[in-house]
Amino acid sequence: MYKLWEDSGFFNPDNLPKVSKQKNFSIIMPPPNANGALHMGHALFVTLQDIMIRYKRMQGYKTLWLPGADHAGFETQVVYQKKLEKEGRSFWEVPKDKLYEEILAFTLENKKHMESQLRQLGASCDWGREKFTLDDDIKKIVYETFKKLYDDNLVYKAERPVNWCTRHQTTLSDLEIKHEERKDKLFYVRYKFENSEDYIVVATTRPETIPADIAIAVNPKSKWNKYVGKKVLNPLTQEAILIISDKRVEISFGTGALKITPYHDALDFEIYKDHPELPASKSVINKFGAIENSGTKLDGLKILPAREKSIEILKFSLDKEPEDYVHQVSICYKCNTLIEPRIMNQWFIKTTEKSKTGSKSLRDLAIDAVKTKKVKFVTKKFEKIFMHWMKNLRDWNISRQIVWGIKIPAWYHEPICIPKKGHEGDVVKCNEIIISMDEPICEFCDAKFIQESDVFDTWFSSGQWPFASLMSTHNKNDFKDFYPTDVMETGWDILFFWIARMIMLGTYKTGKVPFKTVYLHGLVRDKDRQKMSKSKGNVIDPLGVADIYGADAIRMSLVVGTAPGNDPVISEDKIRGYRNFATKIWNATRLITMRGSSTIPEKPNYTNEDKKTLKEFEKFKKTVIKDMDAYRFHEASNKIYHYFWHTFADKILESSKARLQDENKKVKETATAFLIKLLTEQLKLLHPFMPFVTEAIWQELYGGKKILMVEKL
RNA sequence: GGGCACUUAGCUCAGUGGUAGAGCGCCUCGCUUACAUCGAGGAGGUCGUGGGUUCGAUCCCCUCAGUGCCCACCA
C-alpha cells in the first residue's frame, strides 16, 4: 500500500489535484534523532501528524508534510561514546576529525533505517523534500542567523557561570541538567582575623573550594556586619581575604556569612562581579573535577577525596560538628554526574534584552506571539507553563565542547599582528573576532584567523528548523507557500528545549511565527502507567508489534482515548483489540461483497429506511469532522470505531442480511449499493487513522481505479 | 521555594450544566453460511472531601486531603 501511495506522487503537494480556492496546510516533522531505532514515541508522532495530514489532504488542501532527520549533537555523541566503550575503544583517544567522520557515518546509516521505519508506520510525508540538519544549505542559514544575532548584539562571548559535566567534558544549558536530592554535610568553618583569636564562622558544603575563596560576604543585618572592611585569613592558604557586605547572603541560612568562591559558584560570581574592590579570582578545580593550583595539599585530589582531606586539615578550624544537610544538587541529564559550576568563556544568546537597533528581546517576541494568539496551544495548560517559563528566562549558553555538531562560525585573529607589506609602522586595528562561514582574511595584516572549536547547542540550529527547512527545499516557493506552518506537533518534554526556541528564533529571523498551532503529546506508558525503558523490560517495539498486529492497530491504540497533552497508555492487549477491529472491517466488507450483488445500479432506489440511515450517518459524520477540526482525535477515532462495529456491523449489516440475498435482483442491488455507500463513507473517515486496511479494501472495492488517500472527505 | 495538573466501573483512561462512557478484565448463553480476532445478554460507579453559584453540577467557583509532573544559584 505504501508503495502505491508513494508512487502516486501525492505525498508531494505539487502533484495534488487542484481545487478552486485551494488552501495550503503544512506540518514540519520534528526530525527524529538519527542515532537509533524508532520507538513508540516516534510511532506516536507519526500517527498524530499523519492523521492531520491525511485528513487535510482528503479535504482538498495542498498538503505538505516535510520530513527530516536530526544529527542531534550531544545526544548522538553520547550514544556513540557508549557504543565505543562497549567495543572497548576509548572515545577520548580517537582524533577529533576521525571521530566526526565516524559519527557521521553512524548517523547516516541510522537515518536510512529510520526512513524505512517511518514508511512502515504509514507516514505520508514528502520524501522528495527531506532535509538533514547537517545539510550545507541548512548550516548556511544557521550561520546567517548567528551572524544577524551577533550584529544585533544579541550574541556575546564572556566568562560566565556555566554547567560543566566532568564526564562528558562539555558545558550544558540550564535545561540539560537535572536536580537530585543528596544528603551532604554542612561544615562550619572558622576564618580567623589576622593576629587575633577572634573569627567569623561560615557554613559550607564544599570546604574543598576554600583555597579559591577571595572574600567573605555577610548579610548587612547579620551580627558580622561590624567586621565589613576587615580581613580574615583563609584557613587553608592563610591568605588575607576581605569581608564585604551583600544582601544576597541569606541571613537565615548557616551563619549569615558566605564564603565567596567566584569560580566555583554562580551566586558567588554574581556577588564578586558587583564588588570591584575584590582581587582577581582563580579556579582551583580543573575540567576533570580535580583540585589544582590550590597551593595546598589538596592538589591532585578529586572533589570528594579533597573534601575529606580539607576537613582533616581544617580539624581545628571547625566551629562545631558538621550537620546533616539535604539539598538539591545539579547532575548531568545523561550520566547523572555531578555538575561542576565553572566560570568559562562561552557564547551566550541574550534572551531578555533588546537588540542594538531597539527591537524587542527574543523573550518578548515569543511572549507577544502567544499573547496575540498568533501561536495557539491546543492544550491550554501548556500555554500557562510556557508563559511561566518565559518569564524566568535567562541567557542561553549555546557553545558546546563536543565534536558532533555545527561549528560556531567565529574566527579569532592570531595574537601577533604581522603587518602587510607597505603597511609597516601603520597603526592597525585588526578585528579580534570575525563571524564568518569561511576563513576570513585580515585586511590589515598577514596574521591568520583560527576557527572556534566549539559547536552549537543542537537546539540552536533545531530552533530554526521550520524556516531553515522550508527555505532549502527544491521548490523555491515553499517558504512563501507554507510558512508559517499550520501545526507543530511534538512531545511536551521539549516545550522549552524546542518549541520556545523555535518561536523566539523563527519570529526573530523571519518576522513571522514559525507555526500557528502547537499540539503537544505525552510520553507513551505501559498498562501500569510506567515509562517504557530497556532496564524495566517493558518496551514495546512499534515495528515489531506492527509486524504482528499491523501498523493500523498501533496507530489506533496510540490515539483512541488519549486526550491531547496526555500520556498515551498502551499495551499489547489494547493493540490486539484494534487488530481485531481491522479484521472486523475486512469481514464486514467480505459479507457485503460475498453475499451482495456484483452489480450496482447507477442511481439506487434507496428505501426510506436506507435514506434515514444515510441521513443519520451524515449527522454522525459532522460530529466526527467537528472533533477532527478541534484536534480531538481521541474522540473522533473512538466514535468511528463504535459506529462501525456496533451500529454498522452489529445492527445495520445484521438486519440487511435478508435483503442482501433477496431473490428479487433489484432489492439485492439496492441493499448492496446502500451498504457499499455506507462502507465507503466510513472508510474515508477511518482512513487518516487506519490508512493501510482502509486503502487495501478500497483498492478491492474500486479495482485500483482510485486512491482512497486523495478521495474527497 | 514557585508553577502546572490529576483524583470517574476491578485496571488503564475518555466525557458532559440536565437521570454516567470505552477498552481490557469478570459472569451467563450461543461453534447462526462476514467475523469465536465473534455474537446476544449481564454484574459493577452516591464521578476524592466539605462548602458555594444554579431550577439543576461529576462537569463552574472556593476549602481541604491525597497523587503526579515541571521549574528553581540558600551556600
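To find a chain, count down the sequence lines: A is the first, B the second, and so on, and within it residues start at 1. Note: hydrogens, waters and symmetry copies are ignored here, and every other heavy atom, side chains too, is used.
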Legend entry - Listed nucleotide nearest any side-chain atom of A:Arg590, set B:rG23, B:rA75, B:rC35: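 Nucleotide nearest to A:Arg590's side chain: B:rC35.
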Euclidean distance for [atom1], [N] against [M] (whole angstrom):
N: B:rC6; M: B:rC61; atom1: P; result: 11 Å
N: B:rA9; M: B:rC35; atom1: C1'; result: 29 Å
N: B:rC29; M: B:rC60; atom1: P; result: 44 Å
N: B:rA22; M: B:rG45; atom1: P; result: 15 Å
N: B:rC26; M: B:rC11; atom1: C1'; result: 12 Å
N: B:rU8; M: B:rU58; atom1: C1'; result: 7 Å
N: B:rG21; M: B:rG15; atom1: P; result: 15 Å
N: B:rU28; M: B:rC59; atom1: P; result: 38 Å

Within the structure shown, what part of the strands sits under 4.0 Å from [X] by heavy-atom distance: base, sugar-phosphate, or nothing?
X: A:Ile385; value: sugar-phosphate
X: A:Thr205; value: sugar-phosphate
X: A:Glu635; value: sugar-phosphate
X: A:Ala649; value: base
X: A:Val249; value: base
X: A:Phe496; value: sugar-phosphate
X: A:Lys657; value: base
X: A:Asp650; value: sugar-phosphate
X: A:Gly561; value: sugar-phosphate

Calculate the interatomic distance between [X] atom [atom1] and [N] atom [atom2]; express it in whole Å.
X: A:Lys626; N: B:rG15; atom1: NZ; atom2: P; result: 15 Å
X: A:Leu393; N: B:rA72; atom1: CG; atom2: P; result: 10 Å
X: A:Lys584; N: B:rC35; atom1: NZ; atom2: P; result: 10 Å
X: A:His179; N: B:rC71; atom1: NE2; atom2: P; result: 7 Å
X: A:Arg576; N: B:rC38; atom1: CZ; atom2: P; result: 11 Å
X: A:Arg248; N: B:rA75; atom1: CZ; atom2: P; result: 16 Å
X: A:Ile570; N: B:rC24; atom1: CD1; atom2: P; result: 14 Å
X: A:Trp389; N: B:rC70; atom1: CH2; atom2: C1'; result: 12 Å

Inset, instruction - For A:Thr680 and A:Tyr702, test the side chains for any donor-to-acceptor distance below 3.5 angstrom and give the result as yes or no. - result: yes
Legend entry - Base B:rC24 to side chain A:Lys574, donor-acceptor N/O within 3.5 Å cut-off: no
Inset, instruction - Please evaluate the base of B:rU37 for a donor-acceptor partner in the side chain of A:Arg579 within a cut-off of under 3.5 Å? - result: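 Side chain to base: pair found, below 3.5 Å.
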Closer than 4.0 Å, any side-chain N/O of [X] to the OP1 or OP2 of [N]?
X: A:Lys384; N: B:rA5; result: yes
X: A:Arg632; N: B:rA14; result: no
X: A:His388; N: B:rA72; result: no
X: A:Asn587; N: B:rC38; result: no
X: A:His327; N: B:rA75; result: yes

Legend entry - Which atom of A:Leu175 lies closest to which atom of A:Arg501, heavy atoms considered: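 Between these two residues, the closest heavy atoms are CD1-NH2, 3.7 Å.
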Inset, instruction - Indicate yes or no: does A:Glu75 engage A:Lys334 in a salt bridge with an N to O separation below 4.0 Å. - result: yes
Donor-acceptor pair, [X] side chain versus [Y] backbone, under 3.5 Å?
X: A:Asp662; Y: A:Ala658; answer: no
X: A:Arg307; Y: A:Lys302; answer: no
X: A:His39; Y: A:Met532; answer: no

Nucleotide paired to [N] in any strand shown, Watson-Crick or G-U, under 3.5 Å:
N: B:rC60; answer: B:rG52
N: B:rG30; answer: B:rC38
N: B:rG44; answer: none
N: B:rU67; answer: B:rA5
N: B:rC73; answer: none

Inset, instruction - Tell me, yes or no, whether the heavy-atom count around A:Lys178 atom NZ, taken from other residues, nucleotides or ligands under 6.0 Å, exceeds 12. - result: yes
Inset, instruction - For A:Val569 and for A:Tyr578, find the nucleotide of RNA chain B with the closest heavy atom, then tell me which residue's nucleotide is more 5'. - result: A:Val569
Inset, instruction - Between A:Lys381 and A:Leu186, just flag the one whose closest nucleotide in RNA chain B comes earlier from the 5' side. - result: A:Lys381
Inset, instruction - Compute the ring centroids of A:Tyr641 and A:Phe581, then answer whether they are less than 6.0 Å apart. - result: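 They qualify: ring centres under 6.0 Å apart.
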